[in-house]
Protein chains: 2
Amino acid sequence: MLSDRQRQILQIIIEDYIATAEPVGSRTIARKYNLGISPATIRNEMSDLELLGFLDQPHTSAGRIPSSKAYRYYVDSLIKPGSLTPNDIALIDNWYKERVRNIDDIFQSTAKILSRMSKNVSLVLANKETTSKFSYMRFLPLNEHQAILCLITEDGQIDNCVVEIPLGMQQDELDYLARNITNKLHGMNLDTIDSEVLHDAHQEIQGDKMLFSSLLKAVTQMQQGQKKEKMFLGGTKQLFNQPEFQDANRIKELLGVLEEEQVLKDMLNAGTNSGLRVTIGSENTFTGIQDCSMIQATYRLNGQVVGTLAVLGPTRMEYKKVISVMDYLQKYMHVVFNKMSEANK
Amino acid sequence: MLSDRQRQILQIIIEDYIATAEPVGSRTIARKYNLGISPATIRNEMSDLELLGFLDQPHTSAGRIPSSKAYRYYVDSLIKPGSLTPNDIALIDNWYKERVRNIDDIFQSTAKILSRMSKNVSLVLANKETTSKFSYMRFLPLNEHQAILCLITEDGQIDNCVVEIPLGMQQDELDYLARNITNKLHGMNLDTIDSEVLHDAHQEIQGDKMLFSSLLKAVTQMQQGQKKEKMFLGGTKQLFNQPEFQDANRIKELLGVLEEEQVLKDMLNAGTNSGLRVTIGSENTFTGIQDCSMIQATYRLNGQVVGTLAVLGPTRMEYKKVISVMDYLQKYMHVVFNKMSEANK
DNA sequence: GTTAGCACTCTTTAGTGTAGAGTGCTAACA
DNA sequence: TGTTAGCACTCTACACTAAAGAGTGCTAAC
């Protein structure tokens, strides 16, 4: 529906605006880019593009800036999948080598490098929703009155809580008890164990309420530990170097959004189905970021969603670059994760 | 060294400026406060106070604002220990009742209420530096190749790591090993155990490097877990509602400071010796907050520093109110902590 | 010692003029 | 019919000016 020339002009305007943050005028285009047509012709095309809703004009004597519709068209139809420069690739590779010790480090490092390369805020959500299977339990002695109740899953996770020993109960009785309960629960998915399932165990404990509630507490604690979502933010300061966020009130508003961890989580979880998701300006349903764009990608391991990466910035964002970076990071995380699980074997 | 009248005028200027954030002029004072003297007299006194270094003048035709020296004098000599309003007390009491489940909740809640009542940023540093004594270790079975190494301290803390079982070694051999090492280490302060101390243990393991390094790893992991300082921030957004922080660049600078967790920790740890510490404006040695004041208090339990509370804001701070709030919170945390350890008994 | 009076200083706000950038329209051209 | 040169027009940004307002410092009188 757009002519080749219109597409060309639109792309130039978008990319020039992304680079300079200044409205783009017809003369600028004619001067900077060699299209072989005069400013007047460009003006006519721009006028048409504005009617079609692709361009906005801040005021009569300013150049044009791209509308949300233009960015959408740009992302969907104009961008060709680019690749990173060798420099960028080397930067990322070294980045991880120096920093990664455990899983949290991976997410943390990813947040940092992502914000650094995108010059915007990065959000990394670690979904630790893994469903492990219950293996066995033990009471480790502590003192006369207390013991440590340990739950162990088949994949080697362990959780514990301190319990009161019923008066007069000996360690061998506790061991017996642990064995019996273990027999009942062994091999069960951790998240299917609830107070009802534990009811059988209750009989083992012969109605000792304290012991039972401790057991329940340890189980739910472990379940929650598994479900935990962790959010890593990077580059808040950088975001406020963007020329669109130089106003104190705007900064405060954005800070408000970034402080609400739950809102951020909701935002990231809203688009976990597709591979890569770009939400542009007014497409955002969350208040406070309607002049922002967000690019997010989920990262899966063995089919399970392990994390979500996202970059949040002004609609005037380097979509091409950010998308390439996220693409690469997605692949890279795979490698890093595999290395890590190798190391744990 | 100051006359009664000078003290009175100084106090009025400070408190008026704290309340309004506007330079205070001689006519304003004469109009608002009934001192029985004319603006001209007040002007003379103000002139003297300026010479003495207590007042500054932004420009010739503006009123006066208090200098750091004035705030210092105010805090040291003019403030009378005030008490909170019943409203405030009720607010705090309810605040904790609703929110506190575990230790981290206490710190988190404290940060929130502190920032809310001070209208500035609150910092709460939880020093978890407790030195527990090593009790015993165990190898819990996991699978043919791996076991879970558990370290238990006398106060019931437990830490673990997954270790490779040397080829062909049986569980009873592991148990034997654990018993022997336990005999050597039992009762030792956790932080005195290092690779040298573990050398004896090394002989027990008969030179198995893997096992030894796992043991070392578990011990250091546990030591680090003990040392962990945790920082809770509250009310960043509120700080930027203060009229002195309405400039985008100033906001960015402050954000930079608040993002540097290590700097904040150093700031808080710098004044842990005294009970209550007020650092005013240029007294601050950390860059970026030289127009800020910080009020901090350490919270001790059984003589050990458990946490540090602090409020960071512009030098124009409601010292009186903040000091009372921190006073109260300090006492209140004591109560909450005791309740918590009661519950754990 | 206190105070009224007054000149002086400085900020703030509104208003004016100008340069510069960019557009839209029209008429001429290929 | 598409393209372009030319020109009037619009709007912003910036500099400059003027006037109002707040507050001081000084002096002379009480």
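So that the names make sense, note that chain A is the first sequence line, chain B the second, and so on, each numbered from 1.
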Discussion item. Closer than 3.5 angstrom, by distance alone: can the side chain of S115(A) be matched with the main-chain N or O of K112(A) as a donor-acceptor pair?
Written reply: yes
Discussion item. Between R64(B) (side chain only) and D56(B) (backbone N and O only), is there a donor and an acceptor less than 3.5 Å apart?
Written reply: no
Between [N] ([atom2]) and [X] ([atom1]): distance, integer Å:
X: M46(A); N: dT23(C); atom1: CE; atom2: C1'; answer: 9 Å
X: L35(B); N: dG1(C); atom1: CG; atom2: P; answer: 19 Å
X: L51(B); N: dT24(D); atom1: CG; atom2: P; answer: 15 Å
X: E50(A); N: dT23(C); atom1: CD; atom2: P; answer: 10 Å
X: I42(B); N: dG23(D); atom1: CD1; atom2: P; answer: 12 Å
X: E45(A); N: dT4(D); atom1: CD; atom2: C1'; answer: 13 Å
X: E22(B); N: dC10(C); atom1: CD; atom2: P; answer: 20 Å
X: I29(B); N: dA22(D); atom1: CD1; atom2: C1'; answer: 14 Å

Discussion item. By nearest heavy atom, map N44(B) and V24(A) onto DNA chain C; which one lands nearer the 5' end?
Written reply: N44(B)
Discussion item. Which nucleotide, if any, forms a Watson-Crick or G-U wobble pair with dG24(C), using both distances under 3.5 Å?
Written reply: dC7(D)
Side-chain N or O of [X] less than 4.0 angstrom from OP1 or OP2 on [N]?
X: S26(A); N: dT23(C); result: yes
X: S47(B); N: dT24(D); result: no
X: R27(A); N: dG20(C); result: no

Response to the item:
Correct closest heavy-atom pair for P243(B) and A21(B) would be CG-CB, 3.7 Å
Worksheet item: Considering only side-chain heavy atoms of R43(A), which listed nucleotide, dG25(D), dT24(D), dT23(C), is closest?
Response: dT23(C)
Fill in: Out of dT4(D), dT3(C), dG23(D), whichever nucleotide has its closest atom nearest the side chain of S38(A)
dT4(D)
Worksheet item: Do I9(B) and L35(B) touch side chain to side chain, with heavy atoms closer than 4.5 Å?
Response: yes
Discussion item. Tell me which residues in residues 55-67 of chain B lie within less than 4.0 Å of DNA chain C, going by non-hydrogen atoms.
Written reply: H59(B), T60(B), S61(B)
Discussion item. Using a strict threshold of under 4.0 Å (side-chain N to carboxylate O), is an ion pair present between E259(A) and K237(B)?
Written reply: no
Worksheet item: Strictly by modelled atom types, are D4(A) and Q8(A) linked by a side-chain donor-acceptor pair under 3.5 Å?
Response: no
Discussion item. Given N120(B), which partner from the list Q238(B), Q242(B), E318(B) fulfils the side-chain hydrogen bond (donor to acceptor under 3.5 Å, both in side chains) test?
Written reply: Q242(B)
